[in-house]
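Written below as structure tokens is the structure these notes are about.
Numbering of ligands and ligand atoms starts at 1, following listing order.
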Amino acid sequence: MPLATRPLLFFIIFASSLLIARVQAKVHHHKWEISYQFKSPDCLKKLAVTINGQTPGPTIYATKGDTVVIEVKNSLLTENVAIHWHGIRQIGTPWMDGTEGVTQCPILPGDTFVYRFVVDQAGTYIYHAHYGMQRSAGLNGMIVVKVPDGFKEPFTYDREHSILLNDWWHNSTYEQAAGLALPGKQFTWVGEPHSLLFNGRGKFNCSLNVGGTCNSTNPECAPYMLTVVPGKTYRLRIASVTSLSALNFEIEVQYYSS
Ligand SMILES: *[C@@H]1O[C@H](CO)[C@@H](O)[C@H](O)[C@H]1NC(C)=O
Ligand SMILES: *[C@@H]1O[C@H](CO)[C@@H](O)[C@H](O)[C@H]1NC(C)=O
Ligand SMILES: *[C@@H]1O[C@H](CO)[C@@H](O)[C@H](O)[C@H]1NC(C)=O
């Protein structure tokens with residue numbers, strides 16, 4: 001073959017491999033409305049920052065190389081919003097990193113902002129609010145990025161589950177922040193969390209009568225249950241969005257015969 005045609009051939013091979021990559025990568029669209037809602041994650045009713053009425057927010061599922069598009073509408077009325085996609089490298093899209101005041105202006109009340117980025121590494125990630133202490137108020141969730149078809153992980157499993165851990169205060173985030181932010185307060189933390197949450201569920205002791213609405217049989221605070229079958233292998237994707245607590249995660253095994 002004449003030397004001069006070689007670069008052209010390379011270009012054709014390169015361009016067609018790009019085309020294949022394009023065809024395989026998917027675009028995932030999400031439409032989120034951020035609002036305050038009354039929630040009882042640990043049985044005590046409290047205002048939480050929610051995504052489409054949920055806390056934690058919906059899990060984002062994608063495959064390495066896919067594009068994720070999230071249309072975020074701020075319906076908080078008096079607070080700005082920005083969402084950070086923790087662990088996503090944002091190569092070529094630094095303005096989608098969601099750090100308010102650093103990579104973007106916040107999303108003003110009533111406004112909508114469209115995040116659009118490529119998930120370029122497989123793994124387990126989290127997203128959380130990056131304005132004030134809204135992360136602690138409930139605006140958080142998980143991102144699961146799978147390996148592309150045909151690629152093998154160094155382990156095999158039958159099923160997978162995601163577990164998001166959090167610490168939770170009955171105090172408002174403004175009460176939590178006051179001791180940290182006010183001059184002269186010498187960095188006073190609000191105190192130990194009132195509950196720890198597994199996938200947004202915990203159990204506060206309603207008999208302590210701390211006031212407010214506490215209902216221990218509210219289904220919102222029923223314990224998170226994971227049913228497993230002996231002999232099967234499960235992958236647990238574990239993430240934490242705690243503010244203060246460093247948690248140890250243990251599995252207690254109990255056998256039931258049916
Ligand atoms: C946090 O809430 C507890 C009761 O739930 C209350 O006793 C305490 O004073 C609150 N802390 C602040 C800083 O508001
Ligand atoms: C809940 O609080 C009540 C009242 O202080 C106490 O008697 C009870 O033992 C507590 N229950 C648990 C599970 O801690
Ligand atoms: C507590 O929640 C249960 C389940 O939702 C409900 O049936 C019950 O009426 C509630 N109790 C009170 C005192 O609100």
Side-chain angles (χ1 to χ4, degrees), residues 33-59 74 76-82 84 100-101 106 109 126 128-141 161-227 238 240-256:
E33 185 171 11
I34 314 300
S35 68
Y36 271 107
Q37 306 272 336
F38 281 106
K39 290 282 160 189
S40 307
D42 69 347
C43 304
L44 189 101
K45 190 162 137 189
K46 196 202 147 184
L47 270 179
V49 178
T50 65
I51 297 174
N52 297 341
Q54 291 179 47
T55 175
T59 300
N74 178 4
L76 292 181
L77 306 179
T78 59
E79 285 176 41
N80 299 335
V81 166
H84 173 60
E100 176 274 328
I126 53 173
H128 59 80
H130 216 296
Y131 184 85
M133 290 182 77
Q134 291 165 353
R135 179 185 82 177
S136 184
L139 207 176
N140 54 63
H161 296 281
S162 297
I163 295 179
L164 186 61
L165 307 169
N166 198 11
D167 45 11
W168 187 252
W169 281 263
H170 297 156
N171 306 83
S172 71
T173 50
Y174 294 103
E175 287 172 324
Q176 291 174 44
L180 302 174
L182 288 182
K185 286 275 182 173
Q186 299 189 347
F187 225 60
T188 311
W189 198 268
V190 66
E192 291 296 321
H194 290 108
S195 296
L196 297 176
L197 306 183
F198 278 64
N199 284 347
R201 290 150 182 269
K203 203 111 209 149
F204 186 71
N205 184 350
C206 290
S207 307
L208 293 173
N209 282 321
V210 291
T213 304
C214 195
N215 183 346
S216 58
T217 57
N218 187 332
E220 277 181 45
C221 61
Y224 169 70
M225 301 276 275
L226 192 58
T227 308
I238 302 166
S240 170
V241 286
T242 57
S243 301
L244 174 67
S245 316
L247 305 175
N248 293 315
F249 184 87
E250 291 180 19
I251 297 171
E252 184 183 2
V253 181
Q254 292 185 7
Y255 289 98
Y256 295 97

Q: Using only the SG atoms, establish whether Cys214 and Cys206 come within less than 2.5 Å of one another.
A: yes
Q. Which ligand 3 atoms are under 4.0 Å away from a heavy-atom of Thr217?
A. 1 (C), 2 (O), 3 (C), 4 (C)
Q: Taking atom 9 (O) of ligand 2 as the reference point, report whether a protein heavy atom occurs under 4.0 Å from it.
A: no
Q | Protein non-hydrogen atom below 4.0 angstrom of atom 14 (O) of ligand 1 present | A | yes
Q.
Other residues, nucleotides and ligands only: do more than 12 of their heavy atoms fall within 6.0 Å of CZ on Phe249?
A. yes
(Q) When you compare the side chain of Thr55 with that of Val49, does any pair of heavy atoms fall below 4.5 Å? (A) no
Name the closest protein heavy atom to [atom], giving the residue it belongs to and the distance to 0.1 Å.
atom: atom 3 (C) of ligand 2; value: Asn205 ND2, 3.6 Å
atom: atom 12 (C) of ligand 3; value: Asn215 ND2, 3.4 Å
atom: atom 5 (O) of ligand 2; value: Leu208 CD2, 3.5 Å

Q. Can you list the ligand 1 atoms lying under 4.0 Å from a non-hydrogen atom of Asn171?
A. 1 (C), 2 (O), 3 (C), 8 (C), 10 (C), 11 (N), 12 (C), 14 (O)
Q) For ligand 1, which atoms have a heavy atom of His194 less than 4.0 angstrom away? A) 5 (O)
Q: If the plane angle is over 60° it's perpendicular, under 30° parallel, otherwise tilted; pick one for His194 and Phe204.
A: perpendicular
Q. Is the backbone of Ser35 close enough, under 3.5 Å, to the side chain of Thr50 for a donor and an acceptor to pair up by distance?
A. yes
Q: Without swapping roles, check the side chain of Ser240 against the backbone of Thr242 for a donor-acceptor pair under 3.5 Å.
A: yes
